[in-house]
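Lettering of chains follows the sequences in order, A, B, ..., and the numbering in each one begins at 1.
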Protein chains: 2
Amino acid sequence: MRRDSFQAIADPTRREILQMIAYKPLNINSVTEKFDVSRTAIYKHIKILTECGLITVKQQGRERYCEAKLDKLKEVADWVEQYRKIWTERLDSLDDYLIQIQTKEK
Amino acid sequence: MRRDSFQAIADPTRREILQMIAYKPLNINSVTEKFDVSRTAIYKHIKILTECGLITVKQQGRERYCEAKLDKLKEVADWVEQYRKIWTERLDSLDDYLIQIQTKEK
DNA sequence: TTTTTAGGAAACCAAAAGGTTTCATAATAT
DNA sequence: ATATTATGAAACCTTTTGGTTTCCTAAAAA
């Protein structure tokens with residue numbers, strides 16, 4: 001199975017989890033309590049996030065604290081940002097023109 | 001099924017498709033030819049991208065040109081960017097400190 | 001020392017994802 | 001007029017996803 005940041009943040013629940021722990025680590029049960037779905041379901045999401053490196057877990061007694069490693073989002077940020085100037089500057093009419101050209105060429 | 005930009009770009013093939021048409025629209029068959037998987041498989045990816053608004057299709061004779069609408073990536077860009085200063089500025093030792101605090105509080 | 005509490009993991013399930021082959025149709029090219 | 005090309009769509013298949021319930025263990029609290 002794919003385990004990268006793109007796939008990790010595709011799920012809205014996982015985005016929420018990252019949001020929750022972005023500024024302050026939380027133990028696993030604190031995270032799971034905030035959701036309607038079962039603890040095990042959230043636990044699995046946390047596991048996936050851990051496998052992607054977006055979370056690291058630190059043991060503290062019997063509790064395990066989830067800490068967001070948001071630099072792993074850089075992969076996504078870089079990919080998206082390469083297109084920013086296109087979406088901010090492009091004139092749609094150019095596309096139409098390019099389509100015309102390509103059709104004519106044949 | 002979920003149909004948003006996050007889910008759309010989770011698949012590497014769909015990211016490649018967007019890359020291909022980012023600067024110049026291509027007709028559907030031109031896109032499908034560049035991949036190892038079947039035409040129909042790629043066609044489905046294009047359909048998903050269309051449903052998300054990341055692609056629009058323009059008819060030109062019997063051909064249909066795919067045009068990237070990259071501004072739909074803004075949703076992803078915004079979400080990711082809100083965390084950039086965290087991953088660039090955060091000191092990991094702060095997390096450890098916060099975990100200590102929370103454990104003590106009980 | 002008993003009882004909670006935090007976390008881990010297995011077994012199972014339905015739906016979604018990603019792929020295939022096959023067939024159909026409407027423009028174009030020959 | 002016929003063959004080819006570009007696309008659409010149905011039927012089908014396997015694996016992954018996201019969820020559940022259940023059971024287990026170890027630390028901490030009463």
When you measure from the side chain of A/R62, which nucleotide among D/dG18, C/dC23, D/dA28 comes out closest?
D/dA28

Give a yes/no on whether any side-chain N or O of B/N29 is located under 4.0 angstrom from OP1 or OP2 of D/dT7.
yes

Holding to side-chain hydrogen bond (donor to acceptor under 3.5 Å, both in side chains), I want the full list of residues that pass it with B/R62, two or more places apart in sequence or in another chain.
none

Indicate the atoms forming the closest heavy-atom contact of B/R2 with A/P12, along with that distance.
NH1-CD, 3.3 Å

What does A/R2 touch in the nucleic acid at a heavy-atom separation under 4.0 angstrom: a base, only the sugar-phosphate, or nothing?
sugar-phosphate

When you get a sec, tell me which of D/dA6, D/dG19, D/dT20 is the closest nucleotide to the side chain of B/E63?
D/dA6

Tell me whether the OP1 or OP2 atom of C/dA17 has a side-chain N or O from B/Q7 closer than 4.0 Å.
yes

Here the gap from B/K69 atom NZ to B/T50 atom OG1, rounded to the nearest 0.5 Å, amounts to 12.0 Å

Distance in angstrom units between A/K58 NZ and C/dG7 C1', rounded:
19 Å

Which one, D/dA6, D/dA10, D/dT20, comes nearest to the side chain of A/S38?
D/dT20

Atom SG in B/C66, atom CG in B/L18: separation rounded to 0.5 Å?
10.0 Å

Quick one: A/R39 CZ to D/dG19 P, roughly how many Å, whole number?
15 Å

Give the ring-plane orientation class for A/Y83 versus B/Y23, where under 30° counts as parallel, over 60° as perpendicular and anything between as tilted.
tilted

Rounded to whole angstrom units, what separation is found between the NE2 atom of A/H45 and the C1' atom of D/dG18?
6 Å

Rounded distance (Å) that lies between atom P of D/dA6 and atom NZ of B/K34
13 Å

Atom-pair distance (CG on B/D11; C1' on C/dG19), nearest Å
11 Å

Using only side-chain N and O atoms of B/Y43, determine if any of them is under 4.0 Å from OP1 or OP2 of D/dT7.
no

Which of these nucleotides, C/dA9, C/dT21, D/dG19, is closest to any side-chain atom of B/T40?
C/dT21

Could you check how far CE of A/M1 sits from P of D/dT15, rounded to whole Å?
14 Å

Here the distance between atom C1' of C/dT20 and atom NZ of B/K44, to the nearest Å, is 8 Å

Taking atom C1' of D/dT5 as reference, at what distance in whole Å does atom CD1 of B/I28 sit?
13 Å

